[in-house]
Amino acid sequence: MKYLFEVFSAALDKIGAKDVDFLYFEEPKNIDFGDFSTNVAMKLSKQLKKSPIAIANDIINNLEINPDKIFNITVAGAGFINIKLTEKFWTELLSEVLIQGGNFGKSLVGSGKTANVEYVSVNPTGLLHIGHGRNAVVGDTVANLLEWIGYDVTREYYFNNAGNQMKVLADSIYARYMQLFVDKDFPFPEDGYHGDYVKEIATDLYKSFGDKLKTGDFQDLSQIRKFGENWCFQKIKATLEKLNIKQDVFFNEDSLYKDGKIKEVIEYFKNNNLAYEKDGALWLALSQMGLQEDRVIVKSSGEPTYRLPDIAYHREKLERKFDLIIDLFGADHIATYPDVLAALKAMGYDTDKIKVLIHQFVTLTENGEQVKMSKRTGKSYTLDDLIDEVGADVVRFFLLMRSINTHLEFDLSLAKEQSEKNPVFYLQYAHARICSIIDKIKNENHQIIINPDLSVLTNSDEQNLIKHIYKFPSIVLQAANKFEPYILAEYLKEVASAFHTFYHNCRIIGSHLEIASARYALCEATRFVLANGLSILGVSAPEKM
RNA sequence: GCGCCGGUAGCUCAGCUGGAUAGAGCAUCAGCCUUCUAAGCUGAGGGUCACUGGUUCGAAUCCAGUCCGGCGUGCCA
């Protein structure tokens with residue numbers, strides 16, 4: 001690509017084209033058009049006052065072509081320039097891949113920079129459901145992608161164990177505890193958590209404390225609250241661990257109060273006349289920061305609204321001097337971030353460093369029918385249940401294979417399917433097949449040349465596979481820059497498909513030594529791409545299936 | 001009402017910094033196992049790209065409007 005840019009820029013200079021910042025090469029949908037094509041001649045039509053086709057011909061006549069690299073260049077259609085590279089050009093790229101091996105796909109664009117990715121961030125009041133699963137898996141994969149392009153990444157979990165929700169949890173646990181062990185008619189709080197897990201907590205609580213917590217006074221409730229928090233956190237962490245997710249920092253909202261950070265934010269806005277008191281509450285003057293309406297940051301009861309700690313927390317992250325700060329949350333939190341960003345901007349921070357990623361909801365379906373998974377209705381389908389049912393690999397892959405902007409339908413019947421219908425197995429199967437070949441060659445002592453001449457890989461299936469392999473680093477970069485793991489997932493399916501076709505048509509064992517050796521090398525390169533790609537997605541790459 | 005996301009094949013989704021015949025998987029139909037894993041391969045059918053108008057040599061893609069679905073629009077988080 002770099003090579004193409006160089007020769008084309010030189011030719012454009014020669015024909016007198018100016019300010020060509022729109023020169024780019026794309027892969028035509030139809031491979032008959034070649035490996036790359038450019039529409040630069042069409043775009044120059046106005047400037048040069050000539051027909052696109054004439055310009056295209058001018059460009060071609062002024063190109064200095066290295067016949068080792070470029071096979072041919074043609075003008076087609078309304079003025080496209082199509083470029084076909086030589087087989088040798090591609091096979092030379094392949095040897096690069098083999099040298100890089102497990103590092104193939106990495107780049108340095110983010111090296112020396114730091115990133116903070118905040119995800120999951122569920123308060124310890126319950127169990128994770130599938131929507132949280134999407135958040136967790138996407139966040140973790142975005143973090144992986146950033147690491148692959150060179151960032152030093154901190155994975156962070158933000159939680160609040162002091163708010164009203166925790167009180168509701170404690171009340172709910174207490175009610176279940178009383179119902180189960182003291183008085184079965186004990187009233188359940190109206191806004192309490194109805195999930196079955198609350199009964200489990202109550203049962204475990206009874207095992208630890210027996211009848212000691214019957215009074216329901218402040219001291220009892222605070223012990224119950226702590227017990228519930230630990231119980232939930234342990235479960236949440238265990239579920240995340242099953243998905244191969246481990247976060248570096250667990251940031252407690254409470255520390256913002258203890259360290260005076262909340263106070264500092266309030267002071268700042270008061271001192272700058274951006275906060276005022278009305279109806280006994282403290283309002284943030286967002287209307288002076290470019291937004292529509294002012295909002296309450298401290299209620300008349302003296303408690304802060306979620307906005308205040310959110311602002312203080314993000315200020316804290318900015319103060320930790322990350323080059324990139326990523327927040328990931330579900331569509332239901334969409335309203336929270338414009339206020340936070342506006343407030344930070346008003347405090348003089350560079351909010352361009354903060355990228356807010358919002359993923360749409362997940363619906364779980366089985367046999368075309370929606371499965372309920374709410375934690376309030378009581379009948380719940382947790383993320384943990386899902387992992388136990390279909391496995392961590394399938395959960396991760398299914399939650400990653402769609403753009404975060406779209407509603408994701410998790411098809412439970414398809415996920416359960418241990419067959420060719422399931423896209424995860426398609427990928428893993430390609431990897432396992434390669435490992436099986438490598439095994440067989442080693443175990444049965446088939447002869448293989450160590451550094452074979454790769455230029456014999458000229459047939460269309462081999463060439464097609466090489467071209468797919470070559471794209472891997474740019475796919476990783478693209479997925480990382482757009483924060484979209486699905487781009488990688490889709491790509492890996494294409495690689496697997498190219499491999500399966502190659503595998504079907506090109507035998508290794510039994511071919512001539514030179515051919516067999518070169519194909520063996522191609523298999524190894526493919527294996528690196530699949531293994532590296534799957535590891536970014538956090539999906540295992542089995543050697544046998 | 002306003003804001004964000006979406007509306008593309010029977011289903012789930014790509015394609016959206018404008019480009020050549022709109023793609024994939026599943027489903028349907030028809031083929032391929034004496035040879036490295038058939039969880040595989042090959043082929044066929046299937047589309048008014050929600051609708052209307054505009055910009056352009058050219059629109060699924062950009063702009064405006066309309067309709068439909070999801071989420072939000074709290075002194076809940």
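In what follows, every chain begins at residue 1, and chains take the letters A, B, ... in the order their sequences are listed. Keep in mind it's a predicted model, so treat the numbers as computed, not measured. Computed over heavy atoms, backbone and side chain alike; hydrogens, waters and symmetry mates excluded.
- The side chain of A:K43 places no N or O atom within less than 4.0 Å of a non-bridging phosphate oxygen (OP1 or OP2) of B:G19.
- Residue-level contact check: A:F361 touches the backbone only, with heavy atoms under 4.0 Å from sugar-phosphate atoms and none from bases.
- You'll find that the side chain of A:T336 is closest to B:A77, out of B:A77, B:C36, B:A20.
- We find that CD of A:E293 is positioned 9 Å from P of B:C75, with the value rounded to whole Å.
- A:H446 comes within contact range of no nucleotide atom at all, as no heavy-atom separation falls under 4.0 Å.
- Distances were taken from every side-chain heavy atom of A:S403 (C-beta onward) to each of B:G72, B:A14, B:A77; the shortest belongs to B:A14.
- Applying the 90° cutoff around 0 to the glycosidic angle, B:C57 is assigned anti.
- Of the C1' atoms belonging to B:G31 and B:C49, the separation is 32 Å, rounded to the nearest Å.
- If you check every strand for non-hydrogen atoms under 4.0 Å, A:C506 touches a base.
- The side chain of A:T501 contributes an N or O atom lying less than 4.0 Å from OP1 or OP2 of B:U42.
- A:R433 has no side-chain polar atom (N or O) that falls below the 4.0 Å cut-off from OP1 or OP2 of B:G40.
- Within the nucleic acid shown, A:Q165 comes within 4.0 Å of sugar-phosphate atoms alone, with no base atom in reach, counting heavy atoms only.
- Separation of the P atoms belonging to B:G69 and B:U28 is 31 Å when rounded to the nearest angstrom.
- For A:K299, the side-chain atoms get nearest to B:A77 when compared with the rest of B:U35, B:A77, B:C71.
- Among the protein residues, A:E409 comes within range of the sugar-phosphate backbone only, with heavy atoms under 4.0 Å from sugar or phosphate atoms but none that close to a base.
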Can you give the dot-bracket line for RNA chain B, where a pair is Watson-Crick or G-U wobble with both atom distances under 3.5 Å, crossing pairs use [ ], and | marks a partner on another strand?
(((((((..((((.....[...)))).(((((.......))))).....(((((..]....))))))))))))....

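- For the pair A:F33 and B:A20, the ring geometry qualifies as stacking, because the centroid separation is below 5.5 Å while the planes lie within an angle under 30°.
- The side-chain ring of A:Y486 is not stacked on the base of B:A14, judged by centre separation under 5.5 angstrom and plane angle under 30 degrees.
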